[in-house]
Amino acid sequence: MRLIQNMTTIAECPTPEYSAPNRVIKMAVIGGSGVGKTALVVRFLTRRFIGDYERNAGNLYSREVQVDSEQVTIQVQDTPGVEVRFYNCVSLPDHVACSIQWADAVVLVYSVTDRRSFDLIEQLHQLVVRAGGTNMPPVILLANKSDLLHLRRVDSQQGPLLAGTLGCSFYEVSASEDYSQVHHAFHRLCCQLAKQPTATEKRRSPLIPRPKSPNMQDLKRRFKQALSAKVRTVTSV
């Protein structure tokens with residue numbers, strides 16, 4: 001599935017028949033269950049918002065785009081929701097830890113409607129630091145579902161304060177209502193990574209497994225399922 005449409009500074013672009021390999025920018029999106037990680041990734045890469053998803057299996061999405069006039073390949077690793085396994089204690093599954101080591105940057109996500117997802121962030125950041133080791137990737141913090149004002153459980157000032165403590169950029173967005181907010185957050189991160197010299201790429205162990213391969217057909221199937229479910233609901237009424 002290829003989208004031929006403008007994405008402002010980050011734009012979908014056709015691949016020349018013969019060209020040098022594109023630079024690859026790799027991002028891992030991590031957060032609690034139900035915070036909208038998949039919705040954010042799909043919104044950024046396709047402009048579409050899909051409200052209903054199957055349980056997140058950890059897909060890798062890829063798009064060839066232009067960042068500040070440079071053609072690059074963006075790979076975004078969507079990860080399953082992190083859960084508290086013991087009282088006030090979080091542990092990362094092995095494949096999520098591998099995604100951190102694989103990634104050039106990490107996007108931490110919480111929902112403003114879920115206080116527990118916000119409380120997870122500091123622990124997740126500590127785990128990112130440990131997993132990254134000497135190759136600690138840049139991190140940004142995203143607060144999703146800002147449109148659900150009546151369900152807000154995290155004050156709007158708490159996100160920026162936490163981001164300041166962690167030393168990362170902060171963005172409050174709504175995947176469902178505002179594509180430009182989501183685009184801006186990911187765009188700034190892409191620009192930051194694109195400016196880094198390729199010679200300074202992290203040295204990773206060959207034992208680190210590559211995350212799951214891109215599966216845009218799966219995304220297309222999910223989109224059709226969501227539309228079919230809505231049609232069935234309307235018909236039954």
Side-chain angles (χ1 to χ4, degrees), residues 23-41 44-45 55-62 72-111 114 116-144 159 161-171 185-186 188-190 192-215:
R23 176 168 183 172
V24 179
I25 294 177
K26 306 170 184 175
M27 294 179 279
V29 181
I30 301 172
S33 297
V35 298
K37 298 183 297 297
T38 304
L40 286 167
V41 173
F44 167 58
L45 293 176
R55 186 173 180 81
N56 189 342
N59 290 324
L60 176 68
Y61 300 101
S62 180
V72 301
T73 298
I74 295 178
Q75 294 182 349
V76 186
Q77 179 67 50
D78 188 14
T79 62
V82 177
E83 301 287 355
V84 178
R85 296 191 176 184
F86 304 100
Y87 178 73
N88 201 31
C89 180
V90 177
S91 61
L92 289 179
D94 290 342
H95 61 279
V96 176
C98 289
S99 294
I100 295 171
Q101 295 172 308
W102 163 86
D104 298 314
V106 172
V107 180
L108 296 178
V109 183
Y110 71 90
S111 167
D114 184 353
R116 290 179 299 177
S117 70
F118 175 79
D119 293 336
L120 278 175
I121 293 298
E122 191 166 1
Q123 294 184 65
L124 289 177
H125 186 268
Q126 293 174 357
L127 293 172
V128 169
V129 173
R130 293 174 191 169
T134 57
N135 294 316
M136 170 68 181
V139 177
I140 67 170
L141 179 60
L142 285 189
N144 192 26
L161 288 174
L162 178 58
T165 300
L166 301 179
C168 59
S169 300
F170 172 79
Y171 304 91
F186 280 92
R188 292 289 298 274
L189 181 58
C190 288
Q192 176 186 348
L193 295 173
K195 291 177 182 178
Q196 296 180 355
T198 55
T200 62
E201 286 186 356
K202 296 181 291 185
R203 295 181 180 178
R204 302 181 180 87
S205 166
L207 298 178
I208 297 175
R210 176 186 176 89
K212 296 180 68 174
S213 300
N215 189 354

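These figures come from a predicted structure and were not determined experimentally.
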Ala185 and Ile140 have their tightest heavy-atom pair at O-CD1, 4.1 Å
Under the criterion side chain to side chain contact (heavy atoms under 4.5 Å, CB included), I'd like the reasoning laid out for Leu189 against Val107: C-alpha separation, chi angles, the key distance, then a yes or no. CA-CA 9 Å; Leu189 181 58; Val107 180; 3.8 Å; yes
Under 4.5 Å between any side-chain heavy atoms of Ile30 and Ile100, yes or no? yes
Within-4.5 Å side-chain heavy-atom neighbours: Tyr110 and Leu141: yes
Quick one: does Val35's side chain get under 4.5 Å of Phe118's, heavy atoms only? no
CZ (Arg23) and CG (Asp104) are apart, to the nearest 0.5 Å, by 7.5 Å
Minimal non-hydrogen separation, Thr73 against Ser62, with atom names: CG2-OG, 3.4 Å
More than 12 heavy atoms from other groups under 6.0 Å of CD on Gln126: yes
Do Ser169 and Arg188 have side-chain heavy atoms sitting under 4.5 Å apart? no
Heavy atoms of Met27 and Cys190 approach each other most closely as CE-SG, 3.9 Å
Working to the nearest 0.5 angstrom, can you tell me the gap between Leu124 CG and Asp119 CG? 11.0 Å
Polar side-chain atom of Ser117 near backbone of Gly32 as donor-acceptor pair, under 3.5 Å: no
Applying side chain to side chain contact (heavy atoms under 4.5 Å, CB included) to Gln77 and Val41, what does each step give before you reach the verdict? CA-CA 9 Å; Gln77 179 67 50; Val41 173; over 6 Å; no
If you round to the nearest 0.5 Å, how far is CZ of Phe186 from CD1 of Ile25? 12.5 Å
Could you report the tightest heavy-atom contact between Ser99 and Ala28, atom names first, then the distance? O-CB, 4.0 Å
How far apart are the closest heavy atoms of Gly81 and Ser33, and which atoms are they? CA-OG, 3.5 Å
Stepwise side chain to side chain contact (heavy atoms under 4.5 Å, CB included) test for Val29 and Leu40: CA-CA 9 Å; Val29 181; Leu40 286 167; 5.6 Å; no
Backbone N/O of Ser111 and side chain of Asn144: donor-acceptor pair under 3.5 Å: no
Is the shortest heavy-atom distance from the side chain of Ile74 to the side chain of Phe44 under 4.5 Å? yes
Smallest heavy-atom separation, Ala131 atom then Ala97 atom, equals CB-O, 4.3 Å
Evaluate the side-chain proximity of Ile121 to Leu166: yes if any heavy-atom separation is below 4.5 Å, no if none is. yes
